[in-house]
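Let me begin by presenting the structure, written as structure tokens, before commenting on it.
Within every chain, numbering begins at 1; the chains are lettered A, B, ... in the order of the sequence lines, protein sequences first and strands thereafter. Just so it is clear, the model here is predicted, and its values are computed rather than measured.
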Number of protein chains: 2
Amino acid sequence: MKPTIYNVASKAGVSIATVSKVLNKTGRISEGTRRRVVEVMEEMGYQPSVIASALTGKSTFTIGMLIPDLANPFFAEVARSAEDRGHELGFNLVMCSTDNDPAKEVDYISLLKQKSVDGIILSTVTTNHSTVKDILKLNIPVALIARDMPTLAVDTVIVDDFIGGYLAAEHLIELGHRRIAVIAEDMNVMSSSERVRGYRSALEENGLEYDDALVKESDFTIQGGKLKSGELLDSIHSPTAIFACNDLLAIGAIQAARERGMQLPRDLSVVGFDNTILASIVEPPLTTVAQPMRDMGRHVIDLLIQEIRGLKNQKQRIILVPELVVRGSTSKRVHTGNQ
Amino acid sequence: MKPTIYNVASKAGVSIATVSKVLNKTGRISEGTRRRVVEVMEEMGYQPSVIASALTGKSTFTIGMLIPDLANPFFAEVARSAEDRGHELGFNLVMCSTDNDPAKEVDYISLLKQKSVDGIILSTVTTNHSTVKDILKLNIPVALIARDMPTLAVDTVIVDDFIGGYLAAEHLIELGHRRIAVIAEDMNVMSSSERVRGYRSALEENGLEYDDALVKESDFTIQGGKLKSGELLDSIHSPTAIFACNDLLAIGAIQAARERGMQLPRDLSVVGFDNTILASIVEPPLTTVAQPMRDMGRHVIDLLIQEIRGLKNQKQRIILVPELVVRGSTSKRVHTGNQ
DNA sequence: ATGAAAGCGCTAACAC
DNA sequence: GTGTTAGCGCTTTCAT
């Protein structure tokens, strides 16, 4: 049987209150008894029960993390980093993949509540903010990662998606491209629409016309990217460059081009977003807008834990700046004379 | 304030015992009161506290999962699948990335114990089995994933690594290769040594000599694979094919070959292991030995939860059969006449 | 069919 | 400095 505080107390010849005090370093206990109690604890291999402690109103030292998909390289990386930072600070993470399904989100949150997690990290796409509001209403600490809800007072860590989109488009424009398509994820999600807005802004600043026909929406899979890119490439005025709103979509674009016998980057330039491990591995290596995934994971945890500890009155929004990583999937536009 | 069982009880005009009974569907309660209690629970948005329930000896419905690295595509995929299956059965997963560091393992396990997780899934490389033994001694359910300890009575889900290595080598031999190198992970780990053993067995069955100089050990990173492959390719009798013990290493091999101006698969055939998403994305697409990651994740959870529920007296070892997926990184050996 | 009460392991007044 | 004790929210005999 696992030893309890009672076992330790009786073996050390003190009361459980004393043991509790040495455990939490609260109250005053003489150095002598402290040492003896510690000794006994080690002897017995005593480990306090977080469960029991939590029941008296203390922390559970666990955080719930809701992300679309743990197997997605971007989120896996962010999660790993968050896990590391949490561990440093004594917190464990419960991972919940929602597939962007509101029902799953609600379900997971309900479970996490029942388990009295100390806080929740959220990367949700719900258009209505009810999920987040519900959590806030319950007064449980939340932090958003990679997803913005500017109208809500909630800790947030994101990348400046507008700038990201801008950088991508600007890079392509500088390379001489004029027909630049974009494959977006769900445009109802801010991070996605912001990227497109940045793209559009770069276009306009450079005197290029924004063309709706060049903007496609897709789910966030390679397949989706391939499909939509295919449509673009098969259209009358096919683009000479594609800005895909994440690396997966960009890889889909590359595959679609390949299937059509195109040479990259000669016949088509492709820019991705995220800079996941995939970007460095595809052929050609993907030019992409890098999100600092490790930093992001670290920051959310720090924000959330500050919140949990009540060290903060003010909500904070950390907006990181993305960086363009130029690799081999983009190059100067080749003038074919057909436009 | 979150409603408790007391609030529900008083509002429904019954005792907490009654509420508890409708909650757990135990004992006998009249349909009338049952309905009324349920009604009140919904009205108040009551959710039982898992913490409190756990303190009375019931489950916490959470499982700890120790893997080397959550950001590694193989483990991310397995974890995702395990998470899904766990969720179906009402369990949450706490993810712990150990980096194969025994100290971290011990640390995480200690934390998980304090939190009274219902069981632990382990993918450890510790040579001495003390970690596992410790857990078993504490009588907490464990299951091994992707790592074998045949001498221990513990639930396990693995792929037949021997066959995997055999398939890889056999494929290359059939393509006419005779100098086939192998890049292994830590040979102290069974999964790794088994793959090499399978490779060796295929060699010998086909009358090829096993050459120690063609076997390199590496950490499990792209960099490592690249480095070791480089050494092989730069050696006097450089191989015409490389079997890398995981996709990351294989990608390193591809990169090393590229750097040396080699054409794949013409100048070098490469076989990987795992069939992660990376394998389908590199260029050329990687021929690889596929591990059924989704099935594996699902199976460990099922094994572990059966164990948790005490539905099983007998430990079980599920050994899945890997499959060779042939893609573009392997081809017939080109006879250059130099051997 | 329902309730009273003990107890799970711990924390936090409060008393001595 | 140290101990007593009342909870925390729930489960579970055991009466009734």
To the nearest Å, how far apart are A:Gln114 CD and D:dG9 C1'?
13 Å

Is the shortest side-chain N to carboxylate O distance from A:Glu88 to A:Arg85 below 4.0 Å?
yes

Integer-rounded Å distance: D:dT12 P and B:Leu55 CG:
13 Å

Gap between atoms CG and P, on B:Leu23 and C:dT2 respectively (whole Å):
16 Å

Without decimals, in angstroms, what is the distance between A:Ile51 CD1 and C:dT11 P?
13 Å

Output yes when B:Asp134 and B:Lys137 qualify as a salt bridge under the 4.0 Å nitrogen-oxygen rule, no when they do not.
yes

Starting from C1' on D:dT12, measure out to NZ on B:Lys58 and report it in whole angstrom.
10 Å

Give a yes or no on whether a salt bridge exists between A:Arg35 and A:Glu39, defined as a side-chain N under 4.0 angstrom from a carboxylate O.
no

I need the CG-C1' distance between A:Asn7 and C:dC10, as an integer number of Å.
13 Å

May I ask you to say what B:Ser20 touches in the nucleic acid, namely base, sugar-phosphate or nothing, with a heavy-atom cut-off under 4.0 Å?
base

Walk me through it: do B:Leu320 and B:His299 pass the test side chain to side chain contact (heavy atoms under 4.5 Å, CB included)?
CA-CA 10 Å; B:Leu320 271 15; B:His299 276 128; 4.1 Å; yes

Should the pair A:Arg80-B:Asp99 be classified as a salt bridge under the 4.0 Å nitrogen-to-oxygen rule?
yes

Using a cut-off of under 3.5 Å, enumerate the N/O to N/O pairs linking the protein to nucleotides 2-5 of chain D.
residue: D:dT2; atom: OP1; partner: A:Ser30; partner atom: OG; Å: 3.2
residue: D:dT2; atom: OP2; partner: A:Ser30; partner atom: N; Å: 2.8
residue: D:dT2; atom: OP2; partner: A:Ser30; partner atom: OG; Å: 3.4
residue: D:dT2; atom: OP2; partner: A:Thr33; partner atom: OG1; Å: 2.8
residue: D:dG3; atom: OP2; partner: A:Ser15; partner atom: N; Å: 2.9
residue: D:dG3; atom: OP2; partner: A:Ser15; partner atom: OG; Å: 3.3
residue: D:dG3; atom: OP2; partner: A:Thr18; partner atom: OG1; Å: 2.6
residue: D:dG3; atom: O6; partner: A:Lys21; partner atom: NZ; Å: 2.7

Expressed in angstrom and rounded to an integer, what is the separation of B:Asn24 atom CG from D:dT13 atom P?
12 Å

Which whole-number value in Å describes the distance from A:Ile5 CD1 to C:dG7 P?
18 Å

B:Ile301 and B:Phe91: side chain to side chain contact (heavy atoms under 4.5 Å, CB included), yes or no, with the steps?
CA-CA 9 Å; B:Ile301 288 288; B:Phe91 287 75; over 6 Å; no

